[in-house]
Amino acid sequence: MLDKNFNFKDIEEKLYKSWEDSGLFSPAGDGNPYTIMMPPPNVTGILHVGHALNHTLQDILIRYHRMKGRKTLWQPGTDHAGIATQMMVERKLEKDGLPKRKEMGREAFLEHAWQWKEESGGAIVGQLGRLGTTPDWSRERFTMDEGLSKAVLKAFVSLYNDGLIYKDNRLVNWHPGLETAISDLEVEQKEQKGKMWHIRYPIEGETEQFITVATTRPETMLGDTAVAVHPDDARYKDVVGKSVSLPITGRLIPIVADDYSDPEKGSGAVKITPAHDFNDFEVGKRHDLPMINIFTRQAKIIEHEDIPKKYHGLDRFVARKEVLKELEELDLLVEIENIKHAVPYDEKTKTVVIEPFLTEQWFVDTPTLAKPAAQAVRDGRTRFIPQQYENMYFQWVDNQLPWCISRQLWWGHQIPAWYDKDGKVYVAETEEEAQAQAGEGVTLTRDDDVLDTWFSSALWAFSTLGWPDKAPELVQYYPGDTLVTSFDIITFWVSRMMMFSLYFMDDVPFKDVYIHALVRDKNGQKMSKTKGNVMDPLDLIDKYGADALRFTLCALCSQGRDIRLAEDRLEGYRNFVTKLWNASKYAEMNKCNFDPAFNPATAKYVPNQWIIGETFKAAKSFEKSIDEYRFNDAANGLYHFVWGTFCDWYLEFTKASLSSEGEHADEIRKTTAWVLSQTYILLNPVMPFVTEHLYAKRVSDEEALITKEWPVYDVALVKNDSSQQIEWIIKIISEIRSVRADMNVPAGAKIPLLVKDACENSRNAFQNYNEILKRMARLESIDFTDAVPKGALQTVVEPVTLILPIADIIDLDAEKERLKKQLSKLEDDIQKVSQQLENKNFVERAPAEVIAEKEEQRETAKATHAKVSAALEQLEAA
RNA sequence: GGGUGAUUAGCUCAGUUGGUAGAGCAUUUCGUUUACACCGAAAGGGUCGGCAGUUCGAGCCUGUCAUCACCCACCA
C-alpha cells in the first residue's frame, strides 16, 4: 500500500544512493553519444538557487537523452577558483591563529590550501546530489588535478611557441588589496558621487600664466609627465611646446598637442599620467613621454626622488587629501565640482578600488584567437539559445583586447617560464626542458606568478576528456552537445572556451549553448547575502522535496526572461507531486494494476481510446518542448495532462464503471495503469524521485527508470472520433455545471435533464455515457423530448438544447437575464464575423480555410442564437 | 555614447510562421459524491505601455515615444 503522502525525505536519499551505487550515471550502451560539460562550480562555492536551476536543466536534458538511448556523458568537476580560494585559506589561517601567508611562505601556504581543498573544498558537490542529478561522478575532475595541470602546461607552451602568449610591460588593472593584476572582466564600474578638482599649473617662463586641468584623482598629478591640448585648439596654440612647472614636485613637463584632448571638455587641457591611466598611457606612448609610477603594489606613494619625502608611504587616499591641501595653500586649486562618475572596483568584493598599474605581465593574444571563435557562431557551428545572446557574444569577441593571464597569487597553475640571471625567458612544460633550452649550468628561476583561473576553465571542454593525450573519450565525446549556463558567464567562460577549443581541437566545444535566466527573489531583486533575500535550495528541498524544486525551476524557465522565485510556486508544484501520488493511490485502491501484456492500441472503450491518444499528444509535445529547450512548456504540458486531463476528467469518467464493475472495468483498469506508467516515464527527467518510486511500486521494480527506454508510440493511438466524442461530453458536463452554479441550483440536488433536438449521434452519446453524465453533472435522469416544460432552464450545446425542468427551485428573472446576456454576446459575435465576411477585401484575400472557419462560426452562432431566443420567448410567455 | 531585453487579468508569467486573448496564484460563491482540502465545481477580472503605420485582419510586423532592467565602452 502506498502511504498517505509521498515521504520524500525518507526516499530521496535512499534512491539516490542506490542509483549511484548501480553506476547508472556513467555512459552506457552504444547509442550516439550525448555530452554535457558541467560548468565547474568553485570549490569554495556553496549551493545557491542559480546552481539548482543550472543543474536541474542539465539533468533534465541528460536523463531525457539517456532514456532516448543516447550514450550520455555528463562530465562533472570543480574549479580551483584562484582568488576566492586563496582568500578563503588566508582567512582560515587567521582564524586558526596561524602565521600569515607571506610569513609562512609559498610552499607552506600551498600545503594549507591543498589541505583545505581536501577537507572542506568541494562541499558543493555533495549538495548537488540532493537535487537528484546524475553526472558521472566517477569522472569528476578538478582544474588543478594532475591531468588538467598537464593540459594547462601544454596549452601555455603551445600558445607561447605560436606567439599567442607573450610578456609585456603595460598598464593592467591592479588589485592593491590582493596585490595582483586582474583582467578587464574582473573589474566592475560603479557609478558614485565624487568630486572633480580643477587645478592650475603655472606655465614655465611666464608670470601669472596658468593652464587649468581637471581630475577626479588629484594624487596622480605626482606622476604627471605632460599636459595635452588639442592641436586645433586656438586657445592653446601659443603654449604648445612650452612647459609647465608641475606643482609640489617642481618638475618641468611639456605641453603637447594630441587629439585625445577634447576642447569641449573642461578647459580643453588635460593632465597626462601615463603610468596611471589607460588613455594617458596611449598618449604617453605617442609622445614618448616618461612613465612615472607613483605607487607601490599596495597603492601607497612610492619613494621617488621627484616626490617630496612627506608623501612617501602615504596611502593613495591619504595622499589625495594631502595633495589637495598643499594645492590649496599654493592657491592652485581653482574649482571643486560635485559630479557622478564611474569608479572601478573589483567585481568580487566590490570594495577595493582598482588601480591602473604599470607592470610586466603575461598576455594571451585574444584579438587573434577571437576571430575564428566569432566565425564559428556566425557559421552556425555553435548556436546560442535564445539567439539574442549571440549579440552579446559578438559584442565581446569582436572587441577583444589582450587578456592578462598572470596573477600574483600562489593558488593556481604556476606559469611554466624560467629566467636566467639576465632575465632571459625559457618557456617549457618542465624545468628539465627549460634547462635544456638555457644550456647546462645556467641557473634558472621559475616565474612566481600563476595563471588566471579562467585559463584552465577555458580548456575544460577537452582537458576533462584526456587532452593532450589522444584519449578515446576525446574522439567519442568531443565536441559536446549542449552547454547550459547563464548569460553572465558568456564573456568569462563561453567565449574563451570557444577560442581555446577551436585553437587546440580545431572544432567548436559544443553545438548548442543554452543560456538560462537569473533566479531572482519574488520582488525581482537579485539574491544576495547583504539583502538577506537568499533562498537556500537545501532548505527548499527539505521543505518541499527535490522533485518540487526541480519541477518549479523547470516550469518557470521560459526563454530570455529572469525567474522570480516565490515560495507559493514551490507549494503549488509540491501539490502536483501529491496529486500524482494520490492518483497512483487511487489506482492501487481500485486494482488498476499494470499489465505488461496490455496493448493500448487494442483498447475498445472510447474514453480509454481518448486518454491513450491524449497520452500520445502529451509525450509528443514534451519531446518537442525539450528539443527546443522550452522547459516551461515541457513542464506545464505534463502538469496539465496529469492534473487537468487525466485526473479531472478521465478518472472521474471511469469511476462509476469501476465501482459497478461495468463491462469496461477490466480495460479501464489496464488503461489507467498504463497511462500512469507512462506519466512516470515522461515525468521522470523532471521529477526523478517520486516517479522512480511510484514506478517501482506500481509498475516494475526490475529496472530503474533512469535507464528505461523512452516510449515510442504509434500515431494510430490517436483516434479523432473518440477525441471528438469525449470532448463533446466534457462540454455538456461543463455547461450543465456552469448553468447550475449560475442559477444557484444546490450542489447536492440531483435534477432531471431533458434533451431536445438530439440527432442520432448525440442520442447515442447520451445513451452511452448516461451513467457518467448523471454522476458528473449530478443528474437524476436523462430523457429526450420535443416539448419544453414551462419555466425550464435551457442552454444550448450544439446541436442539442439541454433542458433542466426545475422552475420551482430557480429564480426565473435571473434566468431571463442570463439568457439575454447570452443573446447579446451571440449577437456581438455574429456581427463581428459578418462584418468580416461582408468585407470584399477579406473574402478576396484571406485564405479559403480562414473564410470557411468564419462562415462556420457564423452559422453556429446563428443557430445557437435562434435556440436561445426561443428559450427566452417560452420563458416570457410562461 | 553603443547594444539587448521587458511592458498582456490584482500578482507572477505563457502566447513559435499575423486569423475574435491563456495558465498558476490570489479573490468570490458552492461543495466532506470514500484518490487527493497539498481537494473538487463554478464565477468575476484584460481597450495586450502610448501614438502612428503596413495589412482584409496586429498582443504578434515597421517606426516613434515613455518607463524599467541588463550588457559593453567612456568620463578632464
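Chain identifiers are assigned alphabetically (A, B, ...) following the order of the sequence lines, protein sequences preceding nucleic acid strands; residue numbering begins at 1 within each chain. The shown structure was predicted, so the numbers you read here are calculated from the model rather than taken from an experiment.
Nearest-nucleotide positions on RNA chain B for A:K840 and A:R520 put A:K840 closer to the 5' end. If A:S267 and A:S584 are placed on RNA chain B by their nearest nucleotide, the residue sitting closer to the 5' end is A:S584.
Nucleic acid contact class of A:Y544 (heavy atoms, under 4.0 Å, all strands): none. Counting non-hydrogen atoms under 4.0 angstrom, A:W643 reaches the backbone sugars and phosphates but no base. If you check every strand for non-hydrogen atoms under 4.0 Å, A:S261 touches a base. A:E571 comes within contact range of no nucleotide atom at all, as no heavy-atom separation falls under 4.0 Å. At the heavy-atom level, A:A269 lies under 4.0 Å from base atoms of the strands shown. Counting any heavy atom pair closer than 4.0 Å across all strands shown, A:R778 reaches a base atom.
For A:E567 and B:C38, the CD to P distance is 16 Å, given to the nearest whole Å. Taking atom CG of residue A:D648 and atom C1' of nucleotide B:A35, one finds them 12 Å apart after rounding to whole Å. Here B:U34 presents its C1' atom at 9 Å from NZ of A:K655, a figure rounded to the nearest Å. Look at CE on A:M743: it is 12 Å from C1' on B:A43, rounded to the nearest Å. Note: CZ (A:R561) to P (B:C70) measures 15 Å, nearest angstrom. The CE-P distance, from A:M776 to B:G40, rounds to 12 Å in whole Å. A:R737 places its CZ atom 8 Å from the C1' atom of B:G40, with the value rounded to the nearest Å. A straight line from CG of A:L401 to C1' of B:C72 spans 12 Å, rounded to a whole angstrom.
In terms of modelled atom types and a separation under 3.5 Å, the side chain of A:D280 and the main chain of A:T273 share a donor-acceptor contact. A donor-acceptor contact shorter than 3.5 Å is absent between the side chain of A:W581 and the backbone of A:V690. A donor-acceptor contact shorter than 3.5 Å links the side chain of A:T578 to the backbone of A:R574. At distances below 3.5 Å, at least one donor-acceptor pair connects side-chain atoms of A:T366 with backbone N or O atoms of A:L401. Judged by distance alone, with hydrogens and angles left aside, the side-chain atoms of A:R698 form no donor-acceptor pair with the main-chain N or O of A:H693 at under 3.5 Å.
The side chain of A:C647 approaches B:A35 more closely than any other nucleotide in the set B:A35, B:C70, B:C39. When each of B:A23, B:C13, B:C38 is scored by its nearest atom to the side-chain atoms of A:R564, the top-ranked nucleotide is B:C13. Of the candidates B:G24, B:A6, B:C71, B:G24 carries the atom nearest the A:R569 side chain, counting heavy atoms from C-beta on. In this structure, of B:C74, B:A37, B:A23, it is B:A23 that holds the atom nearest to the side chain of A:H640. The side chain of A:N5 approaches B:C38 more closely than any other nucleotide in the set B:A37, B:C38, B:A35.
Checking the phosphate oxygens (OP1, OP2) of B:A41, no side-chain nitrogen or oxygen of A:S738 falls inside 4.0 Å. Phosphate proximity of B:G24 to A:N636: absent, as no side-chain N or O sits under 4.0 Å from OP1 or OP2. Side-chain nitrogen and oxygen atoms of A:K579 include at least one within less than 4.0 Å of the OP1 or OP2 phosphate oxygen of B:G40.
Taking all atoms of both residues into account, the shortest heavy-atom contact from A:D398 to A:A374 is OD1-CB, 3.6 Å.
Comparing the C1' positions of B:C11 and B:A26 gives an interatomic distance of 7 Å, to the nearest angstrom. Straight-line distance between the C1' atoms of B:C61 and B:G18: roughly 8 Å, to the nearest whole Å. The P atoms of B:G10 and B:C48 are separated by 13 Å, rounded to the nearest whole Å. Rounded to a whole angstrom, the distance from the P atom of B:G22 to that of B:A43 is 14 Å. Comparing the P positions of B:U4 and B:G63 gives an interatomic distance of 11 Å, to the nearest angstrom. Nucleotides B:U8 and B:G46 place their P atoms 15 Å apart, quoted to the nearest Å. When the P atom is used for both B:U12 and B:G53, the distance is 33 Å, rounded to whole Å. Between B:C25 and B:C38, the two P atoms lie 13 Å apart (nearest whole Å).
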Scan nucleotides 26-30 of chain B against the protein and return all N/O pairs shorter than 3.5 Å with their distances rounded to 0.1 Å.
none

Hey, what are the protein-to-nucleotides 15-21 of chain B N/O distances that come in under 3.5 Å?
residue, atom, partner, partner atom, Å
B:G15, OP1, A:R630, NH2, 2.8
B:U16, O4, A:D633, OD2, 3.4
B:U20, O2, A:K832, NZ, 3.4

Close N or O pairs between protein and nucleotides 1-4 of chain B (under 3.5 Å):
residue, atom, partner, partner atom, Å
B:G2, N2, A:Q395, NE2, 2.7

Give each protein N/O atom lying under 3.5 Å from an N/O atom of nucleotides 46-48 of chain B, with the pair distance.
none

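Side-chain contact between A:C647 and A:N582: absent, with no pair of heavy atoms (C-beta onward) separated by less than 4.5 Å. Under the 4.5 Å side-chain criterion, counting only non-hydrogen atoms from C-beta, A:F653 is in contact with A:I729. Contact of the A:L222 side chain with the A:V323 side chain is registered, since non-hydrogen atoms from C-beta on lie closer than 4.5 Å. In this structure, A:Y345 and A:Q192 have side chains that are in contact, with non-hydrogen atoms separated by less than 4.5 Å.
Classification of the A:F551-A:F576 ring pair by plane angle, with boundaries at 30° and 60°, yields tilted. The aromatic rings of A:F8 and A:F6 lie tilted to each other, with the angle between the two planes from 30° to 60°.
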>> What does the 5'-to-3' dot-bracket notation of RNA chain B look like when only Watson-Crick and G-U wobble pairs under 3.5 Å count, and pairs to other strands show as |?
In response: (((((((..((((.....[..)))).(((((.......))))).....(((((..]....))))))))))))....
Got a list of side-chain donor-acceptor pairs under 3.5 Å for residues 833-840 of chain A, not counting sequence neighbours?
residue, atom, partner, partner atom, Å
A:S834, OG, A:I830, O, 2.7
A:S834, OG, A:R858, NH1, 3.4
A:Q836, OE1, A:K854, NZ, 3.3
A:N839, OD1, A:N841, N, 2.9
A:N839, OD1, A:F842, N, 3.4

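Contact check on A:E282 versus A:R286 returns no salt bridge, with no Lys/Arg side-chain nitrogen under 4.0 Å from an Asp/Glu carboxylate oxygen. Salt bridge absent: A:E780 and A:K750 never bring a charged side-chain N and a carboxylate O closer than 4.0 Å. Residues A:D742 and A:R818 are not paired through a salt bridge, judged by the lack of any N-O separation under 4.0 Å between the basic side chain and the carboxylate. Between A:E661 and A:R669 a salt bridge is recorded (basic side-chain N to carboxylate O distance below 4.0 Å).
Test A:V334, A:L327, A:V213, A:L333 against A:W197 for side chain to side chain contact (heavy atoms under 4.5 Å, CB included) and you get one pass: A:L333. With respect to A:I272, the side chain to side chain contact (heavy atoms under 4.5 Å, CB included) criterion is satisfied by exactly one of A:V227, A:D224, A:L289: A:L289.
Centroid-to-centroid, the aromatic rings of A:Y393 and A:F384 come within less than 6.0 Å.
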